[in-house]
Amino acid sequence: MVFSGSPPLERRIRTVVLALFLCAQAGFGFSVAGQDGTCEANGSIYFVGEWYFLESDHCTQCECTSEGSACSRTECTSLPDACIHVSHYPTDCCPRCEKIGCEYRGVVYDLGQNFQPSECEQCTCDSDGIARCLVADCAPPPCVNPNYQPGKCCPECKEGPNCYVNASRSQVIPAGEPIWVDSCTKCRCHDGQDAGFWEGNRLASCSRLKNCTPEQPSVKKN
(Lines give C-alpha, C1' and ligand atoms only; values in the text may rest on other atoms or scores of the structure.)
Protein backbone atom coordinates (compact mmCIF):
# COMPACT_ATOMS: atom_id res chain seq x y z
CA MET A 1 0.00 0.00 0.00
CA VAL A 2 1.48 3.34 -1.07
CA PHE A 3 0.39 6.62 0.50
CA SER A 4 -0.35 9.52 -1.77
CA GLY A 5 2.46 12.10 -1.89
CA SER A 6 5.13 9.81 -0.29
CA PRO A 7 8.17 8.62 -2.32
CA PRO A 8 8.40 4.88 -2.82
CA LEU A 9 10.30 2.96 -0.03
CA GLU A 10 12.98 1.80 -2.43
CA ARG A 11 13.76 5.39 -3.47
CA ARG A 12 14.08 6.49 0.22
CA ILE A 13 16.47 3.63 1.00
CA ARG A 14 18.65 4.56 -1.99
CA THR A 15 18.73 8.19 -0.80
CA VAL A 16 19.91 7.25 2.73
CA VAL A 17 22.59 4.90 1.40
CA LEU A 18 23.85 7.58 -0.99
CA ALA A 19 24.04 10.15 1.82
CA LEU A 20 26.04 7.77 4.04
CA PHE A 21 28.39 7.03 1.16
CA LEU A 22 29.03 10.72 0.48
CA CYS A 23 29.69 11.44 4.18
CA ALA A 24 32.13 8.54 4.36
CA GLN A 25 33.94 9.89 1.29
CA ALA A 26 34.18 13.32 2.97
CA GLY A 27 35.84 11.84 6.07
CA PHE A 28 32.96 12.16 8.52
CA GLY A 29 32.41 9.38 11.05
CA PHE A 30 29.32 8.42 12.96
CA SER A 31 29.34 6.88 16.42
CA VAL A 32 27.15 6.75 19.47
CA ALA A 33 28.26 7.73 22.99
CA GLY A 34 29.25 4.70 24.99
CA GLN A 35 30.10 2.65 21.93
CA ASP A 36 33.50 2.03 20.32
CA GLY A 37 35.20 5.15 19.01
CA THR A 38 34.05 7.66 21.64
CA CYS A 39 34.79 8.70 25.22
CA GLU A 40 32.51 10.60 27.54
CA ALA A 41 33.92 13.15 29.98
CA ASN A 42 33.20 16.67 31.23
CA GLY A 43 29.64 16.20 30.01
CA SER A 44 30.93 15.94 26.42
CA ILE A 45 31.67 13.25 23.83
CA TYR A 46 35.24 12.91 22.53
CA PHE A 47 36.36 10.85 19.54
CA VAL A 48 39.39 8.58 19.36
CA GLY A 49 42.57 10.67 19.11
CA GLU A 50 41.11 13.73 20.85
CA TRP A 51 42.85 15.22 23.91
CA TYR A 52 41.13 17.02 26.76
CA PHE A 53 41.63 18.17 30.35
CA LEU A 54 39.33 17.10 33.13
CA GLU A 55 37.24 20.02 34.31
CA SER A 56 37.41 18.64 37.85
CA ASP A 57 41.23 18.57 37.79
CA HIS A 58 43.07 20.85 35.39
CA CYS A 59 46.28 18.93 36.04
CA THR A 60 44.89 15.74 34.45
CA GLN A 61 45.05 15.42 30.66
CA CYS A 62 43.40 12.54 28.80
CA GLU A 63 43.39 11.02 25.32
CA CYS A 64 40.39 9.22 23.95
CA THR A 65 41.49 5.80 22.66
CA SER A 66 39.63 2.84 21.25
CA GLU A 67 39.92 1.24 24.69
CA GLY A 68 38.67 4.27 26.58
CA SER A 69 40.25 7.35 28.13
CA ALA A 70 43.97 7.22 28.92
CA CYS A 71 44.87 9.92 31.45
CA SER A 72 48.02 11.24 33.11
CA ARG A 73 48.51 13.92 35.73
CA THR A 74 50.95 16.81 35.40
CA GLU A 75 53.30 17.28 38.36
CA CYS A 76 53.91 20.94 39.19
CA THR A 77 57.50 22.09 39.51
CA SER A 78 58.50 23.84 42.71
CA LEU A 79 58.41 27.63 42.73
CA PRO A 80 61.62 29.66 43.19
CA ASP A 81 62.72 30.16 46.79
CA ALA A 82 62.62 33.91 46.26
CA CYS A 83 59.02 33.93 45.01
CA ILE A 84 57.05 36.51 47.00
CA HIS A 85 53.92 36.77 44.83
CA VAL A 86 52.12 33.57 43.79
CA SER A 87 48.99 33.44 41.60
CA HIS A 88 46.80 30.39 40.99
CA TYR A 89 44.29 30.94 38.20
CA PRO A 90 41.19 28.70 38.13
CA THR A 91 41.98 27.34 34.65
CA ASP A 92 45.65 26.64 35.38
CA CYS A 93 47.04 23.41 36.71
CA CYS A 94 50.05 24.85 38.53
CA PRO A 95 50.56 28.09 40.48
CA ARG A 96 52.54 30.89 38.84
CA CYS A 97 55.31 32.96 40.39
CA GLU A 98 54.53 36.56 39.51
CA LYS A 99 57.35 38.25 41.44
CA ILE A 100 60.70 37.25 42.94
CA GLY A 101 62.68 39.30 45.41
CA CYS A 102 62.71 40.08 49.13
CA GLU A 103 60.04 41.68 51.25
CA TYR A 104 61.38 43.54 54.26
CA ARG A 105 59.12 45.55 56.56
CA GLY A 106 56.45 45.76 53.86
CA VAL A 107 58.83 46.95 51.12
CA VAL A 108 59.81 44.73 48.13
CA TYR A 109 63.42 44.69 46.92
CA ASP A 110 64.99 43.04 43.86
CA LEU A 111 67.40 40.12 44.15
CA GLY A 112 70.92 41.36 44.77
CA GLN A 113 69.74 44.84 45.73
CA ASN A 114 71.49 46.63 48.57
CA PHE A 115 69.33 48.87 50.69
CA GLN A 116 69.43 50.81 53.96
CA PRO A 117 66.10 50.65 55.81
CA SER A 118 67.45 52.78 58.64
CA GLU A 119 70.56 54.77 59.49
CA CYS A 120 72.06 51.84 61.39
CA GLU A 121 71.18 49.00 58.98
CA GLN A 122 72.81 47.89 55.73
CA CYS A 123 70.92 45.07 53.99
CA THR A 124 71.16 42.87 50.89
CA CYS A 125 68.38 40.91 49.17
CA ASP A 126 69.90 37.44 48.74
CA SER A 127 69.05 34.90 46.02
CA ASP A 128 66.93 32.82 48.42
CA GLY A 129 64.56 35.73 48.97
CA ILE A 130 65.82 36.56 52.45
CA ALA A 131 67.01 40.06 53.34
CA ARG A 132 70.15 39.86 55.45
CA CYS A 133 71.23 42.95 57.38
CA LEU A 134 74.23 44.23 59.26
CA VAL A 135 73.40 46.48 62.19
CA ALA A 136 75.91 49.06 63.36
CA ASP A 137 77.06 48.78 66.95
CA CYS A 138 77.58 52.28 68.32
CA ALA A 139 80.02 52.82 71.14
CA PRO A 140 78.70 54.70 74.18
CA PRO A 141 78.96 58.42 73.43
CA PRO A 142 81.57 60.27 75.56
CA CYS A 143 78.99 62.72 76.86
CA VAL A 144 75.81 62.82 78.91
CA ASN A 145 73.79 64.80 76.36
CA PRO A 146 74.31 63.18 72.94
CA ASN A 147 72.36 64.25 69.85
CA TYR A 148 71.01 62.06 67.07
CA GLN A 149 71.36 63.65 63.64
CA PRO A 150 69.16 62.75 60.63
CA GLY A 151 70.95 60.36 58.29
CA LYS A 152 73.50 59.30 60.90
CA CYS A 153 73.41 56.11 62.92
CA CYS A 154 75.42 56.88 66.03
CA PRO A 155 74.84 59.84 68.34
CA GLU A 156 77.23 62.76 68.49
CA CYS A 157 78.40 65.01 71.31
CA LYS A 158 77.89 68.53 69.99
CA GLU A 159 79.34 70.11 73.13
CA GLY A 160 82.25 67.67 73.30
CA PRO A 161 82.96 65.00 75.92
CA ASN A 162 81.57 65.70 79.38
CA CYS A 163 80.18 64.07 82.51
CA TYR A 164 78.10 64.65 85.62
CA VAL A 165 79.83 65.89 88.74
CA ASN A 166 77.96 63.47 91.00
CA ALA A 167 74.98 61.16 91.17
CA SER A 168 72.57 64.06 91.51
CA ARG A 169 73.27 64.77 87.82
CA SER A 170 72.57 68.42 88.41
CA GLN A 171 75.93 69.71 87.19
CA VAL A 172 77.85 68.87 84.02
CA ILE A 173 81.54 69.56 83.49
CA PRO A 174 83.64 69.20 80.32
CA ALA A 175 86.11 66.37 80.01
CA GLY A 176 89.84 67.02 80.01
CA GLU A 177 91.67 68.80 82.81
CA PRO A 178 90.41 68.61 86.43
CA ILE A 179 87.93 71.33 87.32
CA TRP A 180 87.23 72.97 90.70
CA VAL A 181 83.51 72.63 91.16
CA ASP A 182 83.68 74.57 94.41
CA SER A 183 86.43 75.99 96.60
CA CYS A 184 87.15 72.59 98.17
CA THR A 185 86.32 70.01 95.46
CA LYS A 186 88.17 69.22 92.27
CA CYS A 187 86.64 66.81 89.71
CA ARG A 188 87.72 65.16 86.49
CA CYS A 189 85.68 63.25 83.92
CA HIS A 190 86.71 59.71 83.12
CA ASP A 191 88.33 59.11 79.76
CA GLY A 192 88.95 56.08 77.58
CA GLN A 193 91.85 54.93 79.74
CA ASP A 194 89.75 54.62 82.89
CA ALA A 195 88.10 51.40 84.00
CA GLY A 196 84.37 51.49 83.56
CA PHE A 197 84.38 54.22 80.94
CA TRP A 198 83.03 52.00 78.14
CA GLU A 199 80.37 50.61 80.47
CA GLY A 200 78.70 54.01 80.49
CA ASN A 201 80.24 55.49 83.66
CA ARG A 202 79.43 59.16 83.27
CA LEU A 203 80.19 60.40 86.80
CA ALA A 204 83.31 62.43 87.52
CA SER A 205 86.07 61.34 89.82
CA CYS A 206 86.38 63.97 92.55
CA SER A 207 88.80 64.76 95.38
CA ARG A 208 88.09 67.06 98.33
CA LEU A 209 90.52 69.08 100.41
CA LYS A 210 90.67 68.07 104.05
CA ASN A 211 89.29 70.40 106.67
CA CYS A 212 87.97 72.68 103.95
CA THR A 213 84.69 74.51 104.11
CA PRO A 214 83.32 75.58 100.76
CA GLU A 215 82.90 79.29 100.41
CA GLN A 216 79.34 80.44 100.43
CA PRO A 217 78.33 82.98 97.80
CA SER A 218 77.99 86.40 99.34
CA VAL A 219 74.53 87.87 99.55
CA LYS A 220 74.17 91.54 98.88
CA LYS A 221 72.02 93.54 101.29
CA ASN A 222 69.86 96.38 100.13
Side-chain angles (χ1 to χ4, degrees), residues 16-141 146-156 198-200:
V16 173
V17 171
L18 179 60
L20 291 174
F21 175 77
L22 292 175
C23 287
Q25 289 294 101
F28 293 101
F30 290 86
S31 58
V32 179
Q35 295 183 0
D36 291 343
T38 63
C39 303
E40 186 174 357
N42 300 330
S44 302
I45 301 299
Y46 299 92
F47 294 95
V48 172
E50 284 191 281
W51 289 84
Y52 57 92
F53 285 94
L54 294 181
E55 292 181 356
S56 59
D57 182 3
H58 294 290
C59 289
T60 299
Q61 186 178 28
C62 303
E63 181 186 11
C64 181
T65 70
S66 58
E67 298 179 355
S69 297
C71 301
S72 62
R73 198 172 193 281
T74 300
E75 295 297 331
C76 298
T77 57
S78 59
L79 297 176
D81 292 336
C83 186
I84 57 176
H85 183 193
V86 179
S87 297
H88 202 161
Y89 297 95
T91 56
D92 285 355
C93 166
C94 301
R96 301 182 188 182
C97 181
E98 304 285 358
K99 175 70 176 179
I100 59 174
C102 301
E103 185 173 355
Y104 188 76
R105 295 178 183 171
V107 180
V108 174
Y109 300 93
D110 294 328
L111 294 183
Q113 182 179 353
N114 295 318
F115 58 97
Q116 191 172 4
S118 69
E119 288 83 355
C120 294
E121 295 174 287
Q122 185 66 45
C123 306
T124 301
C125 177
D126 287 343
S127 59
D128 58 359
I130 297 177
R132 292 179 170 84
C133 303
L134 295 175
V135 181
D137 186 13
C138 298
N147 296 102
Y148 287 87
Q149 301 297 322
K152 293 185 178 181
C153 172
C154 299
E156 298 178 346
W198 296 112
E199 283 73 29

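Quick note: residue numbers are just sequence positions, from 1. Note that this is a predicted model, so its numbers are computed, not measured.
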Can you find a side-chain donor-acceptor pair between Tyr46 and Ser69 that sits under 3.5 Å?
-> no

Drop me the distance from [X]'s [atom1] to [Y]'s [atom2], to the nearest 0.5 angstrom.
X: Tyr104; Y: Glu121; atom1: OH; atom2: CD; value: 4.0 Å
X: His85; Y: Leu79; atom1: NE2; atom2: CG; value: 12.0 Å
X: Cys59; Y: Asp92; atom1: SG; atom2: CG; value: 9.0 Å
X: Leu111; Y: Asp81; atom1: CG; atom2: CG; value: 10.5 Å
X: Lys99; Y: Cys83; atom1: NZ; atom2: SG; value: 10.5 Å
X: Cys94; Y: His88; atom1: SG; atom2: NE2; value: 7.0 Å

Can you give me the closest heavy-atom contact between [X] and [Y], atom names plus distance?
X: Glu119; Y: Cys153; value: O-CB, 3.3 Å
X: Val86; Y: Pro95; value: CG1-CB, 3.8 Å
X: Gly68; Y: Cys39; value: C-SG, 3.8 Å
X: Val108; Y: Ile84; value: CG1-CD1, 3.4 Å
X: Ser87; Y: Glu98; value: OG-CG, 3.1 Å
X: Ala131; Y: Cys102; value: N-SG, 4.0 Å

All salt bridge (Lys or Arg N to Asp or Glu O under 4.0 Å) counterparts of Glu156, not counting sequence neighbours | Lys152

For Arg73, what residues pass the salt bridge (Lys or Arg N to Asp or Glu O under 4.0 Å) criterion, not counting sequence neighbours?
-> Asp57

Flag the pair Leu54 / Cys62 as yes when at least one side-chain heavy-atom distance between them is below 4.5 Å, and no otherwise.
-> yes

What residues, two or more places apart in sequence or in another chain, satisfy side chain to side chain contact (heavy atoms under 4.5 Å, CB included) together with Glu67?
-> Thr65

Between the side chain of [X] and the main-chain N/O of [Y], is any donor-acceptor distance below 3.5 Å?
X: Asp128; Y: Ile130; answer: yes
X: His58; Y: Pro90; answer: yes
X: Asn42; Y: Phe53; answer: yes

Is the number of heavy atoms from other residues, nucleotides or ligands under 6.0 Å of Asp137 CG greater than 12?
-> no

